[in-house]
Amino acid sequence: MSLSAARSFLSEAAYGEQELDANSALMELDKGLRSCKLGEQCEAVVLFPKLFQKYPFPILINSAFLKLADIFRLGNNFLRLCVLKVTQLSEKHLEKILNVDEFVKRVFSVIHSNDPVARAITLRMLGSLASIIPERKNAHHSIRQSLDSHDNVEVEAAIFAAASFSSHSKDFAAGICNKISEMIQGLDTPVELKLKLIPMLQHMHHDASQASCSRELLQELVSSYPSTPMLIVTLHTFTQLATSSLVDIPEQIRLLLQYLKEDPRKAVKRLAIQDLKLLAKKAPHLWTRKNIQVLCECALSTPYNSLKLGMLSVLSTLSGTIAIKQYFSPTTGEVSPAPRHTDLVKLAQECCYHSNLAVAAHGITVLTSIAVSCPEKEVIQLEQETVMGMESLILLCSQDDSKTAQATLKTALTSLVKMLKSCPHLSQSSVELLLAQLHCACDSARVLMCQALAAIATQQPVLAEGMLGDLLDIFRVASHRTSEKQQELLVSLATVLFVASQASLSTEVKTVIRQQLENVADGWTVYRIARQASRMGCHDFSRELYQSLRTRVASEHFYFWLNSLMEFSQAEQCLSGLSDGDYSAAMSAISEALKSYQKGIASLTAASTPLSPLTFQCEFVKLRIDTLQALSQLICTCNSLKTSPPPAIATTIALSSGSDLQRCGRISTQMKLSMDEFRSLAARYADLYQSSFDADYSTLRNVELFQEFGTHGSVLAESEYELRMLAVFNHVLEEVENLSRKHPPVSYLHTGCLCDAVIAILKVPLSFQRYFFQKLQSTSIKLALSPSPRTPNEPIPVQNNQQLTLKVEGVVQHGSSPGLFRKIQAVCLKVSSTLQTKPGSDFKTNEIEQKVEPHNDYFSTQFLLNFSILGTHLVSVEASVVDTSGIEWKTGPKTTTLFCSVMVDQVNTKGGFPSECRGAVCINRGGSCSFSVKMSAACGSRLLSAKKRYLLVSVGACSLLLAYLCGLQIGEFHNQSHAELYRVSQIAGVPPRPPRWPEWVDPPLQTYLGEAEQEEDGPLLLHQHTSPRERREIQKNIYRSRRCRMETCFDFQRCERGFKIYVYPPQKGEAPSESYQKILAAIEESRFYTTDPNEACLFVLSIDTLDRDQLSAQYVHNVRARIQSLPLWYEGRNHLIFNLYSGTWPDYTEELGFDIGQAMLAKASTDMDNFRPRFDVSIPLFSKDHPQKGGSKGYLNLNNVPPLRKYLLVFKGKRYLTGIGSETRNALYHIHNGDDIVLLTTCKHGKDWEKHKDARCDRDNEEYTKQLMVLITNNGIAGKNTALKTTRVAFGVYVAISVIFDLPFDALRCICCTSYLSRYPLSSLWSLIFCLFTSHLTFCQLLTRPRGRICGQWLRRFHISLPLSLAPQYIFWYTR
């Protein structure tokens, strides 16, 4: 996967798609970080913010930031700058870094660089990390030093870092304050630097003394440096410091007003206005009447429109706050003037008709706020003047299509809606003006005016039937074009028509809208109009539109969504034609509506997806269904009054039962059931309300209305639907109350009143609110628990005398508009645990609740759970949120569960049972725990049965042990050496294969190693330095495909057309080692190489797998993922993998770091226990300096055998004091004579070699440093070989110095040269060695070709259908 794929990988999932996992995304970005190309590295770095946004989990963020820290430490300045930008963009995720010390350590190492730019970037990086390392002393010291630097870039970076640390660290701010003051007041400090140092003083607010000192310094700077740049920076810093300290805000307001009034410079005035607006938002209650009066005087006297606009914006900000009321409220001893005669009203009235539209808009806003908030005697005339100003501004802006005019029009219309809500008697004239202006207004203005008309008509019925004709005419004219504005206008006009019709559209209106939609409207516009019809209660028309849209969508989920909306509209349409008093028709209508609702809920369930579960919609519809059923049941209950007994019998029943309600007969019981059902509905509506944290206010009011419907409460209504519903409720309550006064309960008048109320409620069309269709705010919480089980149903073991610490971490995720309606202040976590016993008898063992405040949308807390009762406990975690108003919302996630298996503490038991047989015994039955309670009489029998069980368990364990030992013996038999198998075949009479090379089957010489030395160098100690878990993982990878052979793990059908070898093309960014390049080159230059994978019999990887030592610089990471992504991998079948080094110090295990599967392994120093005969290939170890191609052939020019030379065997290298191979190398001193056999070793290997040194180490180290190393290349042995398990002797022939490894090319039966010296004549041995060296080991091509020879032999042996004509080809590839 390339970086472009990673970019799409991090993009938002489409509708109905599942999100991909975080580890894969991080792995793809890590590939880009390790690329050799700078562009790919930068591209990977800049994708990390998207990764953090999509997967905001601490573990992933910690790992990602550590990788970025490595790039910052090792990369160039451009990469460091990219990492800095990523850190600044991901500031809210910094607290999720777990290894802060390691992260800062890697970043801080660059501060010691000689490059000032690198130091500057590091300082800015430290400043960005100030929130998580505020008290890091080394960072403080570096910032102080860098402030004295002579490089301007570094000084600016130090100032940035100092400002960041000052805002988070009180100690740093106190320590740096004096230095900053000295630098600002210093004469040698440039003015440009002072302008950058002064803003740092705004952070000196941690205590009163610091704030006072900073304010005194700023006051001195204001008087000492009156230049415009210095004064602007100083005043703004003054304001920022005041907003942080709060106590200095009134004084700062007076200071800014003074400069606004007295300073003649426009730049200073603009800054004063800007800071005054900031203070108006921050603390409007601290503005006095005198402050507002001074501001009004300045606005009235200024000749500049830009300054007047700024001052009006400050007054507009204050107009909606308590400051306006304080302005018109008289203080003690003062007489308040009439509102119309104040400077504020004069200013607003003057600006309403200003030529500058922005000034006029602010004037209207201020005047509207005054008229609404000041109910005085003269306000009536002020209201009329305000409306006139609005109308004139609307007339002026409605025909102007510019952005400024449209913004002013929107402000004027918003003020008009606000004004008419407070003064409904002015609505009719304003609505008539808007309708008249719709004919000549531009399209964008029409949209705004239609929205204003709909808002006004929703509050009160001001659109008469005579106005529908004008609206239809406008609708016909507006639908002649298909532009985007026209589509928007169609929706707005249709909304006004729906509101004006009050849920009863005439045939003419439907026909006009339907015709125009068919002509010019697109599918999205039709859907929006249908949605508005559902919201306004026009269900008949919305059903037609939904039905027409069902077949025009491309997604199955959208089809089911539209189909469900159509069924819901059909259901509500069934309830619209009810008549008063016709109870049977009402029952039939409810029955038909329930049928449609059942169909709709099925479609709605089918429309939900994991990313869009439609939880609110499903629950709302279910509640609607249950409400209709409850209303139907109420009608039936009221009709049951007819079955009540006669009065005489009723009196007898009441006296016998003791309840006066039994006089009414069956209706009393049924009425109680109906009441309980309505109370249950109210509780469910309350739960739906609490779970709708992201819903808009109108939707919440609607849900609350239904909740109060079940409890007869009261709610504040705003829309027409809410007003009609409340009118029905109030009417019912009044009728019932009047009847209760006149008639005793329960009479047919009471039941008739209730039935009429049911019909009246059903006749009010249901309004599907905005949240049913559209979610403007999205908030979700994701939780992570630790400890967590490996599998979902795996229990966590806990001792009964211990407590479990449960850590709960969470992330708050937001959508596009976070905090639009409400914000999260705290998260409430409830943890409970339930003992899982028999069904129906579970009881809780823990129940804890805790609130935690999220910081940067992340929170973490811990719970201490006590499990004193044995068994399996189900732990549940439920999350809810608390908003800024203190209201708790049950947003979820509902439950996050884990299982805890509580077991007996074996330390406090005797013989595996609790003492005195009085505790609960946990017995494993199918993975769960069953319990025995206290039964003193049955205690003896239980102990007896337990002894029988233990006896059976013991017998079974012994049987398993015997089977395991037998298996080991069988395994040892299968792993016998090739020589032993060859001798067995000779004894059995089986004719052996005639050898091509002389074979020595005589008993070898006795070894000189001691018994202990042989054992410690054996295979049993290969993993003595690893943990048990690591050993299990190693064994799992090594022995997974151990039984592979050519007949079981090789596909011979690929080789029927010939023996061809395919080498995978190198992936982007791959750089194989020199040795692996030589191997690949030798294969590609042979005649059997093919570029077509369909023709290949054998596949060779382009991924370098030669060096699998994790400490090596040539170690290739993520080999497992790369191999698994190969298209022809097929679990490794027909693949050949080369390897020279595996494992790492000190054990050097066979672990390669990836699963080879069914691939053949060509490996140096292969362990015979892990070697797969007739499948794997043992190869010699060669260095990277080994030539790829040979020169001229070598000949034996002299007849002296052996050749004349001084040294027979030379070796110089390290001998390991511990680990694998240590005992073999420690025994080399036995054959070292210092004459012709020189074996020099040193103990200096690793940091702790002195802890393990023996008595010979000092002497060996001294000889190692003194003796000269003689390299014999052609006629001797290569020296200073650092390989563990092989070395080269005589003409470069490899000689194994350990008895547990398979010999190189043993499958070719070349030669068996081990550490045991042969008794054959030396002249024969020299001739054989020369021939072997010339044939196999001269250069890399000859080292590579025997692999093909071996594979060819195996193919001919096992694959009988392979053509025999291919046999010479294999030999040719081997001999060439």
message: Could you tell me if R822 sits above the aromatic ring of Y697, with its cationic atom closer than 6.0 Å to the ring centre and no more than 45 degrees from the axis?
response: yes
Discussion item. Check the orientation of F616 and Y771. Use parallel for under 30°, tilted for 30 to 60°, and perpendicular for over 60°.
Written reply: perpendicular
Subject >> Ring geometry between Y689 and W889 (parallel below 30°, tilted from 30 to 60°, perpendicular above 60°) >> reply: parallel
Partner of H539 under ring-ring contact (aromatic ring centres under 6.0 Å, His included), picked from F768, Y546, F568, is F768
Checklist entry - Between W524 and Y527, is the ring centre distance below 6.0 Å? => result yes
A side-chain contact here means heavy atoms from C-beta on lying under 4.5 Å apart; do [X] and [Y] qualify?
{"X": "T386", "Y": "M390", "answer": "yes"}
{"X": "L517", "Y": "L545", "answer": "yes"}
{"X": "I590", "Y": "L594", "answer": "yes"}
{"X": "I759", "Y": "Y583", "answer": "yes"}

Could you list the residues that satisfy salt bridge (Lys or Arg N to Asp or Glu O under 4.0 Å) with [X], not counting sequence neighbours?
{"X": "K775", "value": "none"}
{"X": "E888", "value": "K830"}
{"X": "R528", "value": "E488"}

Contacts of R684 meeting side chain to side chain donor-acceptor pair (under 3.5 Å) (sequence neighbours excluded), chain-then-number -> D626
Salt bridge (charged side-chain N to carboxylate O under 4.0 Å, His left out) with E544: of R514, R550, K510, only one passes, and it is R514
Side chain [X], main chain [Y], donor-acceptor under 3.5 Å:
{"X": "S596", "Y": "A593", "value": "no"}
{"X": "S591", "Y": "M587", "value": "no"}
{"X": "Q777", "Y": "F821", "value": "yes"}

Applied to residues 405-418, the side chain to side chain donor-acceptor pair (under 3.5 Å) test, sequence neighbours excluded, yields Q406-S444
- Item | Stepwise side-chain hydrogen bond (donor to acceptor under 3.5 Å, both in side chains) test for Q437 and S398 | CA-CA 8 Å; Q437 196 63 26; S398 60; 2.7 Å; yes
Given the rule in the side-chain contact (heavy atoms from CB on, under 4.5 Å) test, do S576 and D540 qualify, once you have shown the distances and angles that lead to the verdict? CA-CA 9 Å; S576 61; D540 185 21; over 6 Å; no
Sorted by chain and residue number, the side-chain contact (heavy atoms from CB on, under 4.5 Å) partners of T551 (sequence neighbours excluded) come out as none
Point to revise | Side chains of D400 and S402, donor plus acceptor under 3.5 Å | key: yes
| message | Please tell me whether T699 and N702 have a donor and an acceptor in their side chains that are separated by less than 3.5 angstrom. | response | no
How about CD on E556, more than 12 heavy atoms from neighbouring residues, nucleotides or ligands closer than 6.0 Å, or not? no
Heavy atoms of I781 and T891 approach each other most closely as CD1-OG1, 4.2 Å
Test side-chain contact (heavy atoms from CB on, under 4.5 Å) on L435 and L453; report intermediate values, then the result.
CA-CA 8 Å; L435 286 174; L453 278 174; 3.8 Å; yes
